[in-house]
Visitor: 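First the structure, then my questions, so here it is.
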Amino acid sequence: MADPQLTHLNAEGRVRMVDVGDKAVTTRTATAEGVFRTRPEVVTMVDGDALGKADVLATARLAGIGAAKKTSELIPLCHQIPLNSVKVHFDLDADAGEIRVSATAKTTGRTGVEMEALTAVSVAGLTLHDMVKAVDPLATMDGVRLAAKSGGKRGDWTRESDDDNAATDQNAHPAGPAAIDEGRSAVVVVSSTAASRGKREDSTGPAIESWLVERGFSPVEVHVVADAEIEVAVTEQVRRSPAALLTTGGTGVAPDDRTPEATAPHLTLQLPGVAEAMRARGIAATPTAAMSRGVTGFAGRTLVVNLPGSTGGVRDGLAVLDDLLEHLLEVHANGGGHR
């Protein structure tokens, strides 16, 4: 198969507008999707039109349709095409704090409408952000991507079928017994002003990362932030919905120890017994472990655990999780049932 080419570059590597004059006129459709992430209560407010503005979803829908019609003005090399229809749809999930945005564009012409669908989703998401920013300035629009298209030379295509092909290719070249279970991403957030400024080397983050990798999590990210930034960091990572989010540091009684306060508002299911088991294990070695205020629970699908900032506290906390981690994830994923 020939190597794919960038169609908007000519043989000399200069930018060009593709000549579609010789292409067949066919009916073409494209569907794009994205996820607007905010707090659960904000989704409820949007659903009930309780933000004190115009109808939020209707405004975002009109913005998305209007943007699709102006795609050629926004993206330099897109063709002006007649749109038969543009449909923008919202699927609200208050428990997860998500509004899933999808847009389907349709035309009869010589070139596709992928960019029109993608533009509609993007601008609808931006409009949602504008409408809710007063109550949640940390909202995000993630994962804007093409979901499906039809018509034209290449016919029908869906992301699911492409993912299946990719899985088949990967199975043809297995990674061996050390292969990590996909879909189990994890994030470690280290709350340490000194480490974030390079004044000391953090050892807790790498230790937690190694522990997670050994248990099949991939990818595992480690973020080191100043104590004052922990609320923003936790909020951002919770919205990315990893399977696990472990924090270290900021659980004590100093004025800048704010990790429990940053975590608690996101927990849809608290696990006080797990947090108490961690403190109890630490107290057996040092009485000061009783000062840890770390909380544990689920934020949607994400298991969130606050660990102390000391290496000993991390070691004790992970030892407790050793016996509980898989059971917690399995039972929660099964809606409370057991296999």
Visitor: Hey, does T111 have a side-chain heavy atom less than 4.5 Å from the side chain of I81?
Guide: yes
Visitor: How close do A233 and V189 get, counting heavy atoms only, and between which atoms?
Guide: CB-CG1, 4.1 Å
Visitor: Taking all atoms of both residues into account, what is the closest heavy-atom pair of A105 and A117, and its distance?
Guide: CB-N, 4.2 Å
Visitor: Less than 4.5 Å apart, side chain to side chain, heavy atoms only: is that true for W211 and V314?
Guide: no
Visitor: Could you tell me whether the side chain of T29 reaches within less than 4.5 Å of the side chain of T31, counting heavy atoms only?
Guide: no
Visitor: So, applying side-chain hydrogen bond (donor to acceptor under 3.5 Å, both in side chains) with S191, which one of T204, D227, D257 is it?
Guide: D227
Visitor: Is it true that E114 and R28 have a side-chain N and a carboxylate O under 4.0 angstrom from each other?
Guide: no
Visitor: Between side-chain atoms of residues 245-253 and protein atoms elsewhere (two or more places apart, or another chain), which donor-acceptor pairs fall under 3.5 Å?
Guide:
unit_1, atom_1, unit_2, atom_2, d
T247, OG1, N306, ND2, 2.8
T248, OG1, P308, O, 2.7
T251, OG1, S292, OG, 3.4

Visitor: Looking only at non-hydrogen atoms, find the nearest pair between L329 and A243 and report the distance.
Guide: CD2-O, 3.9 Å
Visitor: Could you state the interatomic distance from CE (M115) to CD1 (I75), rounded to the nearest 0.5 Å?
Guide: 3.5 Å
Visitor: For the atom pair NZ (K69) and CD (E116), what is the distance rounded to the nearest 0.5 Å?
Guide: 12.5 Å
Visitor: Rounded to the nearest 0.5 Å, what separates atom OG in S241 from atom CZ in R37?
Guide: 4.5 Å
Visitor: If you round to the nearest 0.5 Å, how far is CG of L307 from OG1 of T259?
Guide: 10.5 Å
Visitor: Hydrophobic clusters here meaning ILVMFWY residues chained together by side-chain heavy-atom distances under 4.5 Å, can you tell me if V234 and V187 are in one?
Guide: yes
Visitor: Verify, without hydrogens or angle tests, whether R279 (side chain) and G294 (backbone) share a donor-acceptor contact under 3.5 angstrom.
Guide: yes
Visitor: Starting from L62, can I reach F90 by hopping between I/L/V/M/F/W/Y residues whose side chains sit under 4.5 Å apart?
Guide: no
Visitor: ring-ring contact (aromatic ring centres under 6.0 Å, His included): which pairs involve residues 259-309, sequence neighbours left out?
Guide: F298-H332
Visitor: Say you draw a straight line from CZ of R39 to CE of M45; how long is it, rounded to the nearest 0.5 Å?
Guide: 8.5 Å
Visitor: Side chains of D91 and S102: is there a donor and an acceptor less than 3.5 Å apart?
Guide: no
Visitor: For side chain to side chain contact (heavy atoms under 4.5 Å, CB included), just list the numbers for D93 and V43, CA-CA rounded to whole Å, side-chain angles, deciding distance to a tenth of an Å, and then say yes or no.
Guide: CA-CA 7 Å; D93 186 342; V43 177; over 6 Å; no
Visitor: Please report the shortest heavy-atom distance between A68 and T119, naming the atom on each side.
Guide: N-CG2, 4.5 Å
Visitor: Hey, does V225 have a side-chain heavy atom less than 4.5 Å from the side chain of V232?
Guide: no
Visitor: Can you get from L126 to L74 by hopping between Ile, Leu, Val, Met, Phe, Trp and Tyr side chains that sit under 4.5 Å apart?
Guide: no
Visitor: Can a donor-acceptor pair be found, under 3.5 Å and without considering hydrogens, that links the side chain of R184 to the backbone of R215?
Guide: yes
Visitor: Give the C-alpha distance, both sets of side-chain angles, the deciding distance and a yes or no for side chain to side chain contact (heavy atoms under 4.5 Å, CB included) between T268 and D95.
Guide: CA-CA 8 Å; T268 53; D95 291 338; over 6 Å; no
Visitor: Show the numbers, then the answer: is there a side chain to side chain contact (heavy atoms under 4.5 Å, CB included) between L325 and F217?
Guide: CA-CA 12 Å; L325 179 67; F217 287 85; 3.7 Å; yes
Visitor: Kindly say whether P40 contributes a backbone atom to a donor-acceptor pair with the side chain of T44 at under 3.5 angstrom?
Guide: yes
Visitor: With heavy-atom distances below 4.5 Å as the criterion, would you say the side chains of T302 and P242 are in contact?
Guide: yes
Visitor: Taking all atoms of both residues into account, what is the closest heavy-atom pair of V123 and A63, and its distance?
Guide: CG1-O, 3.7 Å
Visitor: Is E229 paired with R197 through a side-chain N to carboxylate O contact shorter than 4.0 Å?
Guide: no
Visitor: Test I99 against every option in V46, V42, V35, V56 by the side-chain contact (heavy atoms from CB on, under 4.5 Å) rule and name the one that passes.
Guide: V46
Visitor: Would you say that more than 12 heavy atoms from the other residues, nucleotides or ligands in this model lie under 6.0 Å from the CD of E221, or not?
Guide: yes
Visitor: Measuring from L321:CG to L303:CG, what's the distance to the nearest 0.5 Å?
Guide: 7.0 Å
Visitor: With a 3.5 Å distance limit and no angle check, can you tell me whether T107 reaches the backbone of P82 through a side-chain donor-acceptor pair?
Guide: yes
Visitor: Does the side chain of Q237 come within less than 4.5 Å of R240's, by heavy atoms?
Guide: yes
Visitor: What residue among V295, V238, T296 forms side-chain contact (heavy atoms from CB on, under 4.5 Å) with L267?
Guide: V295
Visitor: Would you say that V135 contacts T38 through its side chain, given a criterion of any heavy-atom pair below 4.5 Å between the two side chains?
Guide: no
Visitor: Any side-chain heavy atom of M141 sitting closer than 4.5 Å to one from V121?
Guide: yes
Visitor: Where the side chain of S72 meets the backbone of C78, is there a donor-acceptor pair that is under 3.5 Å apart?
Guide: no
Visitor: Evaluate the side chain to side chain contact (heavy atoms under 4.5 Å, CB included) criterion for residues L57 and L92: first the C-alpha distance (whole Å), next the side-chain angles of each, then the deciding distance (0.1 Å), finally the verdict.
Guide: CA-CA 10 Å; L57 298 180; L92 282 65; 3.9 Å; yes
Visitor: Might you point out which heavy atoms bring R239 and D142 nearest each other, and give the distance in Å?
Guide: O-OD2, 4.3 Å
Visitor: Counting distance only, does the side-chain N/O of S310 pair as donor-acceptor with the main-chain N or O of G313 below 3.5 Å?
Guide: yes
Visitor: If hydrophobic clusters are built from ILVMFWY residues whose side chains come within less than 4.5 Å, do M291 and M278 share one?
Guide: no
Visitor: Establish whether V222 and L318 are linked, either directly or via other cluster members, by ILVMFWY side-chain heavy-atom contacts under 4.5 Å.
Guide: yes
